[in-house]
Every structure is written in structure tokens, then in C-alpha cells.
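Presented below is the structure to which this report refers.
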Amino acid sequence: MPSLAPEPRAMASPSRLARAPRPRPTPASSSVAAALLASASALPARRFLQLHAHLLRTGLLALSPSAPAFLSLAAASLPSHRALAVLDHHLTAPPSLPSTFKCNSILRALSDPADALRFLRRMRALGRRGNAFTLAILLTPRCGPAHARQLHANAVAEGHLRDALLATSLMRCYANGGDGDGARKLFDEMPVRDAVAWNVLIASCVRNRRTKDTLKLFEEMRAREGEVQPDDVTCILLLQACTTLGALDFGERVWAYAEERGYGGELKVRNSLIAMYSRCGCVEKAYCVFRKTPQKSVVSWSTMISGLAANGFGEDAISSFEEMIRSDVAPDEQTFTGVLSACSHSGLVDEGFRFFDMMCCEYRLKPNVRHYGCIVDLMGRAGLLDEAYELVTKEMRVAPDATIWRTLLGACRIHGHVDLGECVISHLIELKAQQAGDYVLLLNTYAAVGDWNKVAEVRKLMKEKGIQTTPGCTTVEHNGEVHEFIADDDAHPRKVEIYDKLNEINRHLRIAGYVPNVSSELHDLDSEGKESALTYHSEKLAIAFALLVTPQHRPIRLAKNLRVCVDCHNFTKVFSGIYKRLVIVRDRTRFHHFEGGKCSCNDYW
DNA sequence: ATAGGGTTAG
């Protein structure tokens with residue numbers, strides 16, 4: 001580092017500075033300064049002021065390669081009012097009015113949109129109108145739809161809308177504000193649509209979970225091969241869509257495409273692929289890709305660890321974490337989220353607490369609401385319900401959100417803890433966050449202890465309040481087609497075969513000792529009625545269908561929109577043993593791997 | 001020389 005002697009008076013009097021003699025810098029020293037500036041993202045304010053003084057003294061600041069970087073650094077290092085003072089000085093003082101490019105660099109570095117707008121006004125007052133990129137920068141921070149519309153109007157007035165960069169920035173703002181149609185309209189009006197424009201549109205669909213549109217757009221894009229080519233980002237976005245959709249086949253097609261185009265080695269693409277495989281229940285394949293990835297980043301490790309955790313491989317997740325530490329990759333908050341969820345899913349209570357302490361003490365990471373969520377889940381599953389409640393109400397350093405309460409409610413359901421369940425519901429109501437699923441959990445809690453009066457009471461309450469429950473739905477992917485089942489479904493073209501198969505399965509399972517768990521049925525029917533209502537839950541229909549169409553050696557893969565109910569869990573467990581089939585069920589939160597009469601998760605009985 | 005992107009509890 002060059003010596004940066006402080007020169008406090010230099011800052012105090014800009015006019016004096018303007019008169020100060022400027023030695024001519026050599027090209028070598030100017031490139032050193034540029035490199036120095038480019039390498040630092042932010043400095044402590046005092047250190048920045050020293051650097052400022054030095055650059056002024058040596059005249060290096062007047063050279064164009066270092067000036068934009070310097071101004072960005074100013075914005076990043078100083079409190080905004082001081083940064084603006086520095087920027088002001090360079091805007092008004094000689095040697096010259098900064099170029100539009102310089103102004104854009106400053107704008108980019110201002111994190112507060114209000115500062116950016118003030119700066120823009122000053123810029124215009126000094127006669128710099130800015131270009132399309134200037135407007136695009138203003139769209140970069142998360143600006144709301146109103147702001148976007150305003151800048152949209154400016155762009156139209158100044159004739160910048162033909163600029164692809166500006167148009168795509170606008171599209172992104174509309175899409176993020178939930179206005180997918182607005183984004184689409186801009187896209188359709190673009191004279192030339194580059195890959196980024198397509199990607200922004202695809203990202204908008206992925207974000208709004210319009211997965212079918214996502215896949216359609218990819219097809220459309222590929223049909224215009226002469227005009228535009230999908231790039232690595234396109235592949236990442238598509239893999240993301242497959243992850244939320246659980247669309248394994250399509251995901252593998254995207255992967256093959258990425259390899260064909262030469263993106264297969266890119267770390268970010270590989271990380272998305274690891275996530276896709278994990279979230280589709282193919283954790284072995286995810287692990288295989290992970291192993292073959294040479295330069296694993298903290299994201300690769302975290303993705304793999306959460307993937308193993310979600311699939312019930314808690315011990316493997318923990319040994320991966322230990323391996324990560326040994327290979328000198330520093331874990332971050334997300335890594336610990338994965339590790340803690342591994343502990344909660346596998347019932348590793350002591351380890352969970354140990355990792356939580358490790359995170360706070362050894363790695364100095366501040367626990368966030370997700371970390372606490374895992375700990376609450378961990379304690380709740382282990383039956384430490386009152387302790388978990390204490391943690392949430394007294395010890396947590398962050399405000400509990402609805403999910404924390406819902407986690408605790410799930411634990412009340414597992415352990416039939418009625419009193420706490422009622423208390424938790426009142427917290428959810430207080431947060432105005434109660435959902436139909438929460439009342440169902442409470443209802444399940446009453447059902448677990450056989451309090452049918454209370455069950456009826458909750459049902460009545462739900463009816464009065466007009467709370468609609470989501471119907472349970474199970475899907476099976478077969479030959480690239482998604483088959484959907486709901487309870488007592490008679491819509492499927494092969495319904496007769498399916499019901500016959502299910503009756504046959506039921507007979508076999510009963511011989512093997514499966515007893516329907518009537519507490520899973522919510523309706524207050526007599527015992528026999530309950531049993532028959534249970535028989536045709538969507539999951540069982542889906543299993544019967546899958547048994548008809550999947551070859552013996554392949555796993556049966558189901559996806560559920562709700563949690564697996566206790567009876568279906570038990571049913572599937574016994575089924576996997578009798579029929580010697582691996583069944584992988586993805587529910588709202590994770591995967592259940594059923595094999596040989598057992599399940600990978602430990603909280604159903 | 002500037003945009004768009006990867007992991008994240010239940």
C-alpha cells in the first residue's frame with residue numbers, strides 16, 4: 001500500500017484543493033491506483049478519507065480509469081450525506097464536468113434510491129441528461145410498480161425505450177411487483193429481444209410459480225434458434241422451475257441441453273442441478289453430481305447438505321458438513337440452516353444444540369428465524385414442547401413468525417398436546433396469519449386424543465368463519481405426464497382398475513397386520529364410516545395407480561400438496577414391505593422414503 | 001462497462 005498520510009484540511013476546503021498544484025501522474029501509478037480502487041468494495045470511512053486526500057494530492061483522481069471506481073468507493077464507504085458532499089465536489093469542481101459514464105458509476109453505487117434521485121436532479125441541473133442506462137440504474141433497486149411506471153413514462157418521453165437494457169430493467173420491476181402482464185407487454189413491444197429479455201420473462205414466471213408458462217417459453221425460445229440462444233442463466237432458471245415443480249424428467253432434459261451447450265461445467269448450473277435432483281427425491285444423483293464438481297463453493301456444500309437433510313439422510317448431511325469444514329470451506333448461515341434441519345429430521349437433539357452453539361460461538365453467525373425454526377422443530381419432535389414454547393416466547397432474539405408457531409403446532413399434533421395447541425393458535429390469530437391448515441392441525445391434535453366434541457367444535461368454527469380447506473391432492477408423473485388424484489376421485493380414465501387394485505392392496509396389507517388409524521379421519525363419523533373414508537385418500541389411489549403403471553424395479557414417486565396423514569404414512573410403510581417397492585413421497589416440507597416396511601422419518605407412529 | 005442467475009427451517 002502507498003503511504004496515505006492524512007490531510008484533514010484538504011477535505012474541509014474544496015476551493016483550496018482546486019488551487020493545489022497537481023503533479024502529472026505517470027501511467028504506471030494511475031493503473032496502480034485503478035487496481036487498488038477496483039479491489040476494494042468498501043473501506044472504513046477514515047481510511048477512505050486518507051485515500052481521498054492522497055489521490056487529490058497526487059492528481060491521480062483526475063485520470064479517467066480511476067475516477068469512477070473512486071466515486072463508487074466513496075458511496076460505499078461513507079455515510080450518505082458525506083458521500084454526497086464528496087460526489088458534489090467532484091461534480092462541480094474542475095477539471096471537468098464528469099462524463100455520463102462517471103455519473104452512472106456514482107448512481108450505481110448509491111444504495112439509497114432517494115439519494116440516487118437527488119443525485120439525478122443535480123446531474124440534470126448541471127446539464128447532464130444521462131442516457132438510457134442512467135434510467136436503468138434507477139430501476140435496479142427494488143423499486144415499486146408506481147416508481148417503475150414513472151420511469152417508464154420518462155423513458156418514453158426521452159425516446160430510450162428502444163434500448164434493450166432499459167426495457168428489460170423495466171420488465172424486471174414490473175415482474176417483481178407482481179405485474180407479469182406489464183412485463184409481457186414490454187417484451188412484446190421490444191424490437192430486438194436478446195437472451196436477457198427472455199430470461200427476465202422466464203424468471204418472472206418462475207418467481208410467480210407459473211411453471212407451465214415457464215416451460216412453454218423455453219420451447220418458444222428454442223424455436224427461434226436463429227434469433228436468440230438460451231444461455232447458462234436460462235438453464236439455471238429452468239432447473240429452478242423443475243425444482244419447484246418436482247419435474248424430474250424435464251429437469252434431466254434441461255441438464256442434457258446445458259451439457260450440449262457447454263454449460264455443464266459451470267458451478268452455478270451444477271448447483272442448481274444438485275438442488276433439482278435433491279428436491280425431486282433423487283438424492284443419490286444429486287450426490288453424484290456434487291462429487292464430480294471440482295471447485296465446490298459454500299453454495300454447493302449447503303445445497304447438498306440441505307438436500308440430504310430434506311431426504312432424511314441426517315447422518316450423511318452431518319458427515320458432509322464435517323467434510324466441508326475439513327476442506328476449509330467456511331460455512332455460512334444457509335449451511336447451518338441445512339445442518340440444523342438435518343438434526344431435526346433425524347431426531348439428533350444433542351447434535352442440533354451443539355451445531356447451534358458452534359454457529360454462534362465459533363463462526364460468530366447470528367441465528368435467524370429459520371435457525372430458530374429448526375431448533376423449535378427439533379425440540380418439538382423430541383417432545384420438549386414446553387421448553388420449545390419457552391424458547392419462542394422468552395429466549396429467541398428474533399420475533400417469532402407464523403411459521404415458527406406452525407412448527408410448534410405440528411409438534412402439538414404429533415404429541416397430542418391439546419393445551420399448547422390452543423395457545424399456539426391464539427398466537428397465530430394475533431399475528432393475523434392463521435390459515436386453514438392451522439385449524440386442521442388443531443383438529444388433528446384433538447382427534448389424536450379422541451376428543452371428538454372438540455373436533456366438532458373446530459369444524460363448526462371453521463364453517464362459521466367460512467374457512468376453506470385445501471383438498472388433499474397427490475400427483476404421479478408417468479411418461480412425462482402428471483396424473484392428479486384427490487380423495488374418492490372418480491375422474492381418472494382408469495378408475496375401475498385403480499379401485500380394484502387398491503382393494504387388493506388393502507386385503508394384502510390387512511393380512512400383514514395393517515390397521516387403519518381412524519384418528520386420521522377428520523369427520524365425526526362412526527368408526528366404520530371413518531374407515532371407509534380413509535380407504536380412498538388421494539395418496540392411496542395414487543399408489544394403486546403407480547403400482548399399475550410403474551415397472552417393479554423403479555421407485556414409486558408421489559408428490560403431495562399437504563402433509564402425509566398418519567394413516568397414509570402407516571399404510572405406505574406396510575405397503576413398501578409387502579410389495580417390496582421403494583416409495584418416495586414428497587410432501588409440503590420434505591421427503592419420506594419408504595422401504596422394507598420402514599420410513600426415513602421418525603415422527604409418525 | 002453497465003442487466004438477468006445458484007443454496008435457505010416448516
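By convention in this document, chain letters (A, B, ...) are assigned in the order of the sequence lines, proteins followed by strands, and residues within each chain are numbered from 1. For the numbers below, each heavy atom of this structure counts, side chains included, while hydrogens, waters and symmetry mates do not.
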Review point. Yes or no on side-chain hydrogen bond (donor to acceptor under 3.5 Å, both in side chains) for A:Thr293 and A:Arg270, after CA distance, side-chain angles and deciding distance?
Key: CA-CA 8 Å; A:Thr293 302; A:Arg270 294 186 78 88; 2.8 Å; yes
Study note, to complete from the structure: A:Arg381 atom CZ is separated from B:dG10 atom C1', nearest whole Å, by 8 Å
Review point. Which part of the nucleic acid does A:Asp231 contact within heavy-atom distance under 4.0 Å: base, sugar-phosphate only, or nothing?
Key: base
Point to revise | Aromatic ring pairing A:Tyr389/A:Trp405, orientation class (parallel under 30°, perpendicular over 60°, tilted between) | key: tilted
Practice item. Between B:dT2, B:dT7, B:dG10, spot the one nearest the side chain of A:Phe133, thanks. Key: B:dT2
Review point. At under 4.0 Å between heavy atoms, what does A:Leu267 touch on the DNA or RNA strands: base, sugar-phosphate, or nothing?
Key: base
**Study point:** Parallel, tilted or perpendicular: rings of A:Trp301 and A:Phe290 (30°, 60°)
**Key:** perpendicular
Exercise for review: Remember a base hit wins even if backbone is also touched, and classify A:Glu266 as base, sugar-phosphate or nothing at under 4.0 Å, heavy atoms.
Suggested key: nothing
Review point. Once you round it to whole Å, what is the distance between P of B:dA1 and CG of A:Asp163?
Key: 18 Å
Review point. With a 4.0 Å cut-off on heavy atoms, is A:Thr303 in touch with a base, just the backbone sugar-phosphate, or nothing at all?
Key: sugar-phosphate
Check your understanding: Base, sugar-phosphate, or nothing: which does A:Ser341 touch, judged by heavy atoms less than 4.0 Å apart?
Key -> sugar-phosphate
**Study point:** Nearest-Å distance for atom pair CZ/P, residues A:Phe353 and B:dA9
**Key:** 19 Å
Review point. When the distance from CD1 of A:Ile414 to P of B:dG10 is rounded to whole Å, what number comes out?
Key: 11 Å
Check your understanding: Does the ring centre of A:Phe218 sit less than 6.0 Å away from the ring centre of A:Tyr257?
Key -> yes
Review point. Touch check for A:Ser306, heavy atoms < 4.0 angstrom, all strands: base, sugar-phosphate only, or nothing?
Key: sugar-phosphate
Review point. Nearest of B:dA3, B:dG10, B:dT8 to any side-chain atom of A:Gln334?
Key: B:dT8
Check your understanding: With sugar-phosphate meaning primed atoms plus P, OP1 and OP2, does A:Val269 contact a base, only sugar-phosphate, or nothing at under 4.0 Å between heavy atoms?
Key -> nothing
Exercise for review: Mind calculating the distance between CZ (A:Phe321) and P (B:dT7) to the nearest angstrom?
Suggested key: 20 Å
Exercise for review: Round to the nearest Å and state the distance from A:Met359 atom CE to B:dA9 atom C1'.
Suggested key: 12 Å
Point to revise | Selection: residues 195-202 of chain A, any non-hydrogen atom under 4.0 Å of DNA chain B | key: A:Val196, A:Asn199
Check your understanding: Can you check the A:Asp332 CG to B:dG6 C1' distance for me, whole Å?
Key -> 13 Å
Practice item. Taking the six-membered ring for Trp and the full ring for Phe, Tyr or His, determine whether the centres of A:Phe356 and A:Tyr372 are under 6.0 Å apart. Key: yes
**Study point:** Touch class at under 4.0 angstrom, heavy-atom based, for A:Ser272 against every strand present
**Key:** sugar-phosphate
Review point. If you look at every strand shown and take non-hydrogen atoms under 4.0 Å, does A:Thr234 touch a base, only sugar-phosphate, or nothing?
Key: nothing
**Study point:** Ring geometry between A:Tyr363 and A:Phe336 (parallel below 30°, tilted from 30 to 60°, perpendicular above 60°)
**Key:** tilted
Practice item. Have a look at A:Asp194 and say if it touches a base, only the backbone sugar-phosphate, or nothing, with a 4.0 Å heavy-atom cut-off. Key: base
